[in-house]
Amino acid sequence: MAIATIDPTTGKTLRTFTAHTAEEVEAKLKLADETFRTYRQTPLADRKRWLARAAELLEKEAEQFGRIMTQEMGKPFEAAKAESQKCATACRYYVEHGEAYLRDEPINVGGDQAYVHYQPLGPVLAIMPWNFPFWQVVRFAAPALMAGNVGLLKHAHNVPQCALALEELFLRAGFPKGAFQTLLIETGDIARVIEDPRVKAATLTGSEGAGRAVGSQSGKALKKVVLELGGSDPFVVMPSAKLELAVETAVKARLINNGQSCIAAKRFIVHESVYPEFERRFVERMGRAVVGDPMDAKTEVGPLATEGIRQGLHAQVEKSVAAGTKLLVGGKLPTGPGTWYPPTVLADAAPGSPAATEELFGPVAVLFKARDVKHAIELANDSPYGLGASVWTHDDAEARQFIDGIESGMVFVNQMVVSDARLPFGGVKNSGHGRELALHGIREFLNAKTVRIC
Ligand code: NDP
């Protein structure tokens, strides 16, 4: 796929980029390897200073960074600016906590001195998606750079300006040349980079298919890999929930980022006693969500990132409806330029149809009716994915059953699932493995070296 900026509101190609040649990639790998040897020795105080400077730039230039994000992938501009600011919080989090997370950990073995000594691994390849083009990258880069690793970014083909702006950001923040580099390469060239002995590990955020490919390439090369893949998160509403707040949050949780978030709520599992009221309010609110120009502050839903994604989503909706799934609102492909898709609600998903079994990566919600807690947990777990879950109940015993019973990496009670630098982020099942952010995130790309001294 061409590496290019294509404005999703018009479909026009604004800029194209030439992929790096094999020689250019070689030069970047060499530089990453050489930089790592010295960078790993830099005082933590320097790394903290550079990361703090990166945070300042992300805040100060949120408007410029936001503009590139919106132009390349169509998210509402207000959300794009907020994304840049959120990146600053991740940088500051590791400025504040990184040193403690990297400190030797004494272990009492009786007699001998023993401890775990944490060391960086080396150059790490990060393959990243377009949906949160800054946040996905920074949540990898901030802990990796703090730990003394160096980063090589292979960003999605449709966000090259974001990729280059991020490389420049870390350089301007003071990090040495080679500490964080962008590789403009095609998907077919990724395996060679993973195999390269100078690259020590890989991390991918993206689709299940890409995860399987990168997971097996990393396995073959015996390299550590973190996979943060898709999700079909349940949003469970029980009778004790505050219904108005649950509905309002459900809409927000489905439409966030134009519906293109791995942790967006996608399957709404509602107890039968509150189902009719939930459905009525939810459909009404989804139906009047403001769809439009992502630069307009009133817009709730901008265009989807690419025409391919829009066509894929619409095909999932049509196939589901043809199989007997009910269409409650939306579901019609708009005419004219741009990749908009209307907020859509489906219900009574036909068994085996995409609405019942697949991730819907756009503003399409599916409603399910649950008889009781057990049934709600069964429905929540009836998915190949296990990323996050949002549960709405004010019954503590019920909440504990959901926390224990839902197969996911994260459960949020009476709130939507969000990423936060202070909390580990990741999934189980086909949503991948490994964790990002918090203590768990920084530890993924460290050698926990056992030391025992007699
Ligand atoms: P992809 O998985 O195709 O893209 C994510 C990244 O992986 C991009 O950099 C892409 O490069 C790269 N990539 C794609 N295929 C391979 C491969 N075979 N080997 C190595 N790298 C690969 O995501 P899409 O853009 O197609 O989005 C569609 C689906 O991805 C969604 O339906 C959702 O399931 C999932 N997704 C999940 C996200 C999450 O946050 N968990 C984020 C985005 C998507 P290139 O762009 O050059 O193809």
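As the structure lists them, so they are numbered: ligands from 1, and atoms in each ligand from 1.
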> For Tyr94 and Tyr101, take the angle between the two ring planes, folded into 0 to 90°, and tell me which bin it lands in: parallel under 30, tilted 30 to 60, perpendicular over 60.
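Rings of Tyr94 and Tyr101: perpendicular, as their planes differ by over 60°.
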
> Between ligand 1 and the protein, which N/O pairs fall short of 3.5 Å?
residue	atom	partner	partner atom	Å
ligand 1	2 (O)	Ser207	N	2.8
ligand 1	2 (O)	Ser207	OG	2.6
ligand 1	9 (O)	Met128	O	2.8
ligand 1	9 (O)	Ala156	N	3.4
ligand 1	11 (O)	Lys154	NZ	3.1
ligand 1	25 (O)	Trp130	NE1	2.4
ligand 1	30 (O)	Ser207	N	3.3
ligand 1	34 (O)	Glu359	OE1	2.2
ligand 1	40 (O)	Gln136	NE2	3.2
ligand 1	41 (N)	Leu229	O	2.8
ligand 1	46 (O)	His157	N	2.9
ligand 1	46 (O)	His157	ND1	2.7
ligand 1	47 (O)	Lys154	NZ	2.9
ligand 1	47 (O)	Thr187	OG1	3.3
ligand 1	48 (O)	Thr187	OG1	3.3

> Begin with the C-alpha distance, continue with both residues' side-chain angles, and end with the deciding distance and a verdict on side-chain contact (heavy atoms from CB on, under 4.5 Å) for Gln316 and Ser353.
CA-CA 8 Å; Gln316 287 174 306; Ser353 70; over 6 Å; no

> Return all side-chain donor-acceptor pairs below 3.5 angstrom for residues 401-409, not counting sequence neighbours, or 'none' if the list is empty.
residue	atom	partner	partner atom	Å
Glu407	OE1	Lys429	NZ	2.7
Ser408	OG	Met410	O	3.0

> Among all residues two or more places apart in sequence or in another chain, which pass the salt bridge (Lys or Arg N to Asp or Glu O under 4.0 Å) test with Glu168?
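With neighbours one apart ignored, the set is Arg172.
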
> Which residues pass the salt bridge (Lys or Arg N to Asp or Glu O under 4.0 Å) test with Glu83, not counting sequence neighbours?
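Salt bridge (Lys or Arg N to Asp or Glu O under 4.0 Å) list for Glu83, sorted by chain: Lys75.
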
> Once you measure the plane-to-plane angle for Phe445 and Phe140, does it fall in the parallel (<30°), tilted (30-60°) or perpendicular (>60°) bin?
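Perpendicular.
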
